[in-house]
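Input: a single structure, listed below in structure tokens.
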There are 2 protein chains.
Amino acid sequence: MEEKEISQAVVGRLPRYLRYLGELRDEGIERVSSQELSDIMHVTASQIRQDLNTFGGFGQQGYGYNVGYLYDEIGKILGLNREHRLIIVGAGNLGQALVNYTDFERRGFLFLGIFDHDQKVCGKKIRGITVRPMEEMADFIRENQIDIAVLTVPKNSAAEVAELLAADGIRGIWNFAHVDLQLPRHIQVENVHLSDSLMKLSYNLASNGRDDLQWAESGQESRSLN
Amino acid sequence: MEEKEISQAVVGRLPRYLRYLGELRDEGIERVSSQELSDIMHVTASQIRQDLNTFGGFGQQGYGYNVGYLYDEIGKILGLNREHRLIIVGAGNLGQALVNYTDFERRGFLFLGIFDHDQKVCGKKIRGITVRPMEEMADFIRENQIDIAVLTVPKNSAAEVAELLAADGIRGIWNFAHVDLQLPRHIQVENVHLSDSLMKLSYNLASNGRDDLQWAESGQESRSLN
DNA sequence: AATCAATTGACAAAAAATTAACATAAGCGT
DNA sequence: ACGCTTATGTTAATTTTTTGTCAATTGATT
């Protein structure tokens, strides 16, 4: 299945390509060259071509790239062509905020369950989804073929809960807890360490004045955040 | 002031060093070698020494690093020794969740104001902070010496609001809106593009089975955020 | 049909980041 | 005090990432 080990740096840029291609598509633009995209996105045309070619020849010499086609292909690469079934673990403020953010659903990320240790919030409904006690989680994951768990529990219980999730057959964890999870390698972990991000901003404020690139991309770090 | 242009890759790793050093310190451990830290954090000892030396010689040959001292120094580098004064712009679910997350305050990031366009939420109190109308924002920023704005408005109004903030003298923007902001270079922007992060996770699930590193760092990265 | 302009995909070069190696300095034990 | 061990800071090597270049291919134009 796998070809030759694609770097996370490249993968991290794909969502941004997708976003700009979506905008072009919505404007009714059918074709785009790497140079045009370069001008809009402020990355080199060479990098765009290199990145896209990592996954295949989506363009045509002398023509450029078909916006709609490229959009779809990148979406497929990112796994957006298939449905993802998620649960939120930890019904605190952040967990609730994520459930209420409907953009994810439009991308095929379906929030199917919410779990919390606290009996007081169990039973409460958030956007139509009932908060359930942790005890029901294992069965729920299996019965509803959940593949991703969003971990929004306090940092001191994160490791423990993550191990439960791993045991219950979860394939990926979107980790908002401020710890590094140690799990079997077949389980994918994507960290969102908000305080790390804020500290990076703080650093860049402190070491001010420098002519940093304003146009960095998120993650990796943009530079931002990432 | 500035020495020789420090890479964002290095900066992005500092918060993680800080986190592990804080844990060691809390355990009462006074000294640590790059090799010990390497074992705990799963990065090479060489990288740790290289990273730390970017900012100065914090260690001592034959001894290692003093945990408390190193912790403090990294904190200073990240600007955590001084107070940061923030406002939240956009009192939606995410904005409210961030205000309620008290860990930031412990690091010296003080939420002093919340602003929203919607008259219905104005006047509401979130953790003691009153939501104010956007019209009052400019004065508030000046009167309270706000340096960072947390941008949690919908993506279609983000650019507009960001320009207001820039005009009002904000120095940094922590941007949760799913757009790239185009602002004067002296304004630092740190992006948190959550959907990008989720797509990365989706990719790594799709291209499964690969023996990806379980121990990647956030941002950037890491394969996280950032 | 033939030429011209545009633009990719591939390869090469350059730059950046990571890892390795090692000389040097500090502590520790005898 | 002396030698041995430890572990940094630094330089060098390696690897990865990014950027530049160009032949080859397509579409447009005459």
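Since the structure is predicted, the reported quantities are computational estimates derived from the model, not experimental observations. Lettering of chains follows the sequences in order, A, B, ..., and the numbering in each one begins at 1.
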Discussion item. Is the distance between the ring centroids of B:F55 and B:F58 under 6.0 Å?
Written reply: no

Practice prompt. Using whole Å, report how far CD1 of B:I6 lies from P of C:dA17.
Written response: 12 Å

Detail all sub-3.5 Å separations between protein N/O atoms and N/O atoms belonging to nucleotides 14-17 of chain D.
none

Item to complete: Take atom CG of A:L52 and atom P of C:dT7, then tell me their distance rounded to the nearest Å.
Response: 15 Å

Worksheet item: In residues 62-71 of chain A, which ones come under 4.0 Å of DNA chain C, going by heavy atoms?
Response: A:G62, A:Y63, A:G64, A:Y65

Worksheet entry | Test item: side-chain donor near acceptor, B:Y71 and B:N66, under 3.5 Å | no

Worksheet item: Rounding to a whole Å, what distance do you find between B:D39:CG and D:dA7:C1'?
Response: 14 Å

Practice prompt. Under 4.0 Å from any atom of DNA chain D, heavy atoms only: list the residues of residues 28-37 of chain A that qualify, in numerical order.
Written response: none

Worksheet entry | Results of side chain to side chain contact (heavy atoms under 4.5 Å, CB included) for A:E163 - residues two or more places apart only | A:L183

Report, one pair per line, the protein and nucleotides 10-14 of chain C atoms (nitrogen or oxygen only) whose separation is under 3.5 Å.
{"unit_1": "C:dA10", "atom_1": "OP2", "unit_2": "A:N53", "atom_2": "ND2", "d": "3.0"}
{"unit_1": "C:dC11", "atom_1": "N4", "unit_2": "A:Q50", "atom_2": "OE1", "d": "3.2"}

Item to complete: Classify the ring geometry between A:H84 and A:F109 as parallel (under 30°), tilted (30 to 60°) or perpendicular (over 60°).
Response: parallel

Fill in: Integer-rounded Å distance: C:dT7 C1' and A:Q60 CD
11 Å

Response to the item:
Rounded to whole Å, CG of B:D51 lies from P of C:dT18 at a distance of 7 Å

Worksheet entry | A:D180 and B:R16 ion-paired at < 4.0 Å | yes

Discussion item. Expressed as a whole number of angstroms, how long is the span from B:I48:CD1 to C:dT18:C1'?
Written reply: 13 Å

Worksheet item: Is it true that A:D51 and A:R13 make a salt bridge, defined as a side-chain N closer than 4.0 Å to a carboxylate O?
Response: yes

Fill in: Donor/acceptor link under 3.5 angstrom from A:Q61 side chain onto base of C:dT8
yes

Practice prompt. Could I get the full list of side-chain hydrogen bond (donor to acceptor under 3.5 Å, both in side chains) partners for A:Q60, not counting sequence neighbours?
Written response: none

